[in-house]
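Residue numbers run from 1 in the order of the sequence given. Numbering of ligands and ligand atoms starts at 1, following listing order.
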Amino acid sequence: MEDNMDIKTTIVNTLHAALADELDHDQINELLEVPKSSKLGDYAFPTFVLAKTRHQAPQQIAQALVAELDHAPYEKIEANGAYVNFFLDKGEFAEATLADIFNEGDHYGDATLGENGNVPIDMSSPNIAKPMSMGHLRSTVIGNALANIYAKIGYHPIKINYLGDWGTQFGKLIVAYHKWGSEAEIKADPISNLLKYYVRFHAEAEKDPELDDEGRAWFKKLEDGDPEATHLWEWFRRLSLAEFQKIYDRLGIQFDSFNGEAYYNDKMDPIVDDLKAKNLLQPSRGAQIVDLTDENLTPALIKRSDGATLYITRDLAAATDRYHQFHFAKSLYVVGNEQTEHFKQLKAVLKKMGDDWADDIIHVPFGLITKDGKKLSTRKGNVVLLEKVLDEAVDLAKQQIAAKNPDLPNADQVAHQVGVGAVIFHDLKNDRLDSFDFSLAEVVRFEGETGPYVQYSNARAQSILRKAGHHADRQGNLTIDDPAAWDTIKFLAEFPATVLRAAREYEPSVIAKYALRLSKTFNKYYANSKILVADDQLNARLALVEATSQVLQQALALLGVQAPEEM
Ligand code: ARG
């Protein structure tokens, strides 16, 4: 049997060898059905579509096809009415799958699809002087998982933290700091106090609109390089970044670049000039815009009436810079779905400029996290503090461990792995576009469909292997008499296809759901059979346990979740 084949792919290939002139792989894949009863095999192929080309009745075609197919990988192939039923040779399939997993080790499921193409991933990108929000956490962990998944299939991901370190809000912050701030307060707790000033600014500006003008004026000064404005901005940025870094350290996530919005200050003029040269820039009430009516989009505001640049101006410069630097295969932006219009505008403007590579820009949106049904808003002070979430998750993990496994060595380290893993996994197990209400109790639930459940399944497998005291015989001649063993094998064989699907759909939840299903199936197997009984199947059973543990660890690693050996 060939490498990395799940059952369906194996059958598609068998059929394609006989039907190459009539159907392609995708068509065969579409047509294959899972029979209602396993007595009818693992998959069934309906022959009706061939009636036209072969000028025969489907029953006859089914009979003829059985004779044309390669029977080697199967227990049997038989015609049943208009269908061809495939019965996999379970023993052989199990052996081939386990051999793949052991031979390839951590490279099981790797692909070369990406041909080393660069994939910059714009991710996390919190705003300076504000706490990192749950939305930024989503972007961070989804982006990190996508980087791992894309690396596995042969791309070269570049993780870019496009810090929100520029914009009118810094003018407002400077005004607020001058009016109500103190150096001592900021030094003691930078983000909380900067946030406090910012929230106060908005409250007061509602009564006194002149504050907004002052804020805008200070931002203009900042853009013009005023030393005081620059000094304050630099200070706010440095302190904020140090706070963010604490969270990244706890999550175990690194970046390749922290080039944020400010990095593009001197890279916008060429873009604006180019827009002008291409006659794309139009005046509108004193500002400069690109009209996008033909694309059914609101106009892109490139320069304000006072000459200040905007969010999209910086994104145009950043996108262009990334293209020239990386010649990317694709350029991902993991940003909330509330910015969908922004990314459509960005791509539309680039296309108008003649940048065809804009087609390779992919906005990977995700749903909103609400709290008690309401939007979280930094301005209104309705925020969930990420550090608090991580602290409490780790605390809960600690309590859980103390109750279940009081003698566990490195309990603190394991509590960190489990608590942080719970938060990451919770975020990744939902389809990324689903919105969900945030409740700490839900995030750190340790039973059911959670990260700790997957971690625990792996730890359980590890404990069996420790008890067995030696490495499994990697031949794995397993007699598959147990449906849970067969299901486990089938899931293990599906891992490579699952990784490809997660990449194609930009959807780490595909991996998270896979890990949950594999855990569940494995736990059923574990409950059904006495794995450690010394009979002639012992080594084969241990091989299955070892392979499962290996694949669970890989799935968790792709998600950025650690896998403690004991918990
Ligand atoms: N800082 C922005 C925010 O918090 C996200 C930036 C997303 N990336 C981008 N290239 N626009 O909303």
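Between Phe255 and Tyr248, the angle of the ring planes goes over 60°, which puts this pair in the perpendicular group of the 30/60° scheme.
The protein non-hydrogen atom at the shortest distance from atom 8 (N) of ligand 1 is Asp122 OD1, 3.0 Å. At the shortest separation from atom 1 (N) of ligand 1 among protein heavy atoms lies Asn127 OD1, 2.7 Å. Of the protein's heavy atoms, Tyr311 OH, 3.3 Å lies nearest to atom 6 (C) of ligand 1. Gln339 NE2, 2.9 Å is the protein heavy atom nearest to atom 12 (O) of ligand 1.
Side-chain contact check for Leu556 versus Val454: some heavy-atom pair is nearer than 4.5 Å.
Checking side-chain atoms of Lys330 against main-chain N and O of Asp359 turns up no donor-acceptor pair under 3.5 Å.
Residue Asp315 touches ligand 1 through its side chain alone, judged by heavy-atom distances below 4.0 Å. With a 4.0 Å heavy-atom cut-off, ligand 1 is reached by no atom of Trp166.
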Inset, instruction - Begin from the C-alpha positions of Glu449 and Lys520 and carry the test salt bridge (charged side-chain N to carboxylate O under 4.0 Å, His left out) through to its verdict. - result: CA-CA 9 Å; Glu449 311 226 304; Lys520 220 177 266 175; 3.2 Å; yes
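Residue-to-ligand polar distances keep Tyr162 apart from ligand 1: every N/O pair is separated by 3.5 Å or more.
Between Phe236 and Phe170, the distance from one ring center to the other does not fall under 6.0 angstrom. Ring to ring, Trp357 and His327 are not that close: their centroids are 6.0 angstrom or more apart.
For the side chain to side chain contact (heavy atoms under 4.5 Å, CB included) with Val334, the qualifying choice from Thr140, Ile142, Val141 is Ile142, the only one to do so.
Annotation for ligand 1: atoms under 4.0 Å from non-hydrogen atoms of His136 are 3 (C), 4 (O). Residue contact check: Tyr333 has heavy atoms under 4.0 Å from atoms 10 (N) of ligand 1.
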